[in-house]
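What follows is a single structure, written as structure tokens, with notes after it.
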Protein chains: 2
Amino acid sequence: MAWNLDSDRPIYAQILERIEIQIVSGVYKPGEKIPSVRELAAEAGVNPNTMQRALAELERHGLVSTQRTSGRVVTEDMNMIKETRNMLAKEQIQEFIQRMRELGFEKEEILTLLKSEAGGEKNE
Amino acid sequence: MAWNLDSDRPIYAQILERIEIQIVSGVYKPGEKIPSVRELAAEAGVNPNTMQRALAELERHGLVSTQRTSGRVVTEDMNMIKETRNMLAKEQIQEFIQRMRELGFEKEEILTLLKSEAGGEKNE
DNA sequence: ATTATTGTATTATCTACTTAATACAATAAT
DNA sequence: ATTATTGTATTAAGTAGATAATACAATAAT
């Protein structure tokens, strides 16, 4: 799977966000071990230091923990995972509405546009 | 009005986007003169070089043009303005749907969430 | 004619991010 | 016991963005 990293924002931040999404959407399950720093760095095509930074931050968020030499595992706190998912969704919704308002669109208009656009794309 | 610049993305890019939005949403009208580089830089609290870069890029997009010493004016091509607005809106919609899908939300769910969130905030 | 304002260019410095190349301690695997 | 893998730390170098301090040419305003 492509990592789709761009140069608009710091790479470590994009990686952090991506793995966070993979956890809350179930790609990495509660209690599951995630690949090593070196492995993920190779997969993403970034320097191990950059991946280490992203994972260390992710750990600060509480979604993963580390056992020194055995690697990192996803938290088993399913409630935290669920809450994180809801929080991320809420952020997306708020930001989307605000940006559309800045462009001069009203509530109903936004809903109408969404309805007509939501059916068009599947996976590309 | 606050410029709300953060350190997540390059400042010049945020400024570029902001002024673009101001043009397509009618804050700056077709043919209207926009403030000088130094003026805008002071207002935004950034270095004139940074503002110059943002405006030069904006000019590349075609939304403003410059007459050497009299300053910059917004294009009078209302069609271009309208099309830019639609393009920006479409981008927002596509990105929003994609991100919500990555979080594991389905079409109907997204619409439902939007409906319940869209009434909650006005201007804060 | 003089002055002020315009966009623009230049050079230097600072900071954050990224890569590179190692190294080390802890421990799981053998 | 030895080896390989783990997260982690360190030092150096490169790059992009932002600021600072000027400077200049063109022209609108006086």
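First the proteins, then the strands, lettered A, B, ... as listed; each starts at 1. Computed from a prediction, not measured in an experiment: that's the story for all the values here.
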Nearest-nucleotide pick for A:S70, side chain only, options being C:dA28, D:dG7, C:dG7:
C:dA28
Which pairs pass salt bridge (charged side-chain N to carboxylate O under 4.0 Å, His left out) with one or both residues in residues 6-15 of chain A, sequence neighbours excluded?
A:R9-A:E17
Starting at the 5' end of DNA chain C, which residue's closest nucleotide do you reach first, B:S7 or B:L55?
B:L55
Enumerate the ring-ring contact (aromatic ring centres under 6.0 Å, His included) contacts for residues 90-114 of chain B, please, sequence neighbours excluded, ordered by first and then second residue.
A:F96-B:F96
Closest nucleotide of DNA chain D for B:A13 versus for A:G71: which of these residues is on the 5' side?
A:G71
If you look only at pairs with a residue in residues 54-80 of chain B, which of them pass as a salt bridge (charged side-chain N to carboxylate O under 4.0 Å, His left out), with sequence neighbours excluded?
B:E57-B:R60, B:E59-B:R72
Let me know the distance between CG of A:D8 and P of C:dC17, rounded to the nearest Å.
15 Å
Rounded to whole angstrom units, what separation is found between the CD atom of B:E39 and the P atom of C:dG7?
9 Å
With no hydrogens and no angle check, just 3.5 Å: does a side-chain donor-acceptor pair link A:E102 and A:Q98?
yes
Which residues pass the side-chain contact (heavy atoms from CB on, under 4.5 Å) test with B:A56, not counting sequence neighbours?
B:Q52
Crowding at CE, B:M78 (>12 non-hydrogen neighbours, <6.0 Å):
no
Return one dot-bracket line describing DNA chain C 5' to 3' (Watson-Crick or G-U wobble pairs, both distances under 3.5 Å; ( ) same strand, [ ] crossing, | another strand, . none).
||||||||||||||||||||||||||||||
Table please: side-chain donor-acceptor pairs of residues 33-40 of chain A below 3.5 Å, with sequence neighbours left out.
residue	atom	partner	partner atom	Å
A:K33	NZ	A:S70	O	3.4
A:S36	OG	A:E39	N	3.1

With nearest nucleotide decided by heavy atoms, which residue, A:Q67 or A:G45, maps closer to the 5′ end of DNA chain C?
A:G45
Partners of A:N86 by side-chain hydrogen bond (donor to acceptor under 3.5 Å, both in side chains), sequence neighbours excluded?
none
Figure out the CE/C1' separation between B:M51 and C:dG7, and round it to whole Å.
14 Å
Side chain of B:T69 only, please: which of D:dA26, D:dG17, D:dG7 is the nearest?
D:dA26
List for me each residue that meets ring-ring contact (aromatic ring centres under 6.0 Å, His included) alongside B:Y12, sequence neighbours excluded, and say none if there are none.
none
Report all interatomic pairs (protein N or O, nucleotide N or O of nucleotides 8-10 of chain D) with separations under 3.5 Å.
residue	atom	partner	partner atom	Å
D:dT8	OP2	A:Q52	OE1	3.4
D:dT8	OP2	A:Q52	NE2	3.0
D:dT8	OP2	A:R72	NH2	2.3
D:dT8	O4	A:R38	NH2	3.4

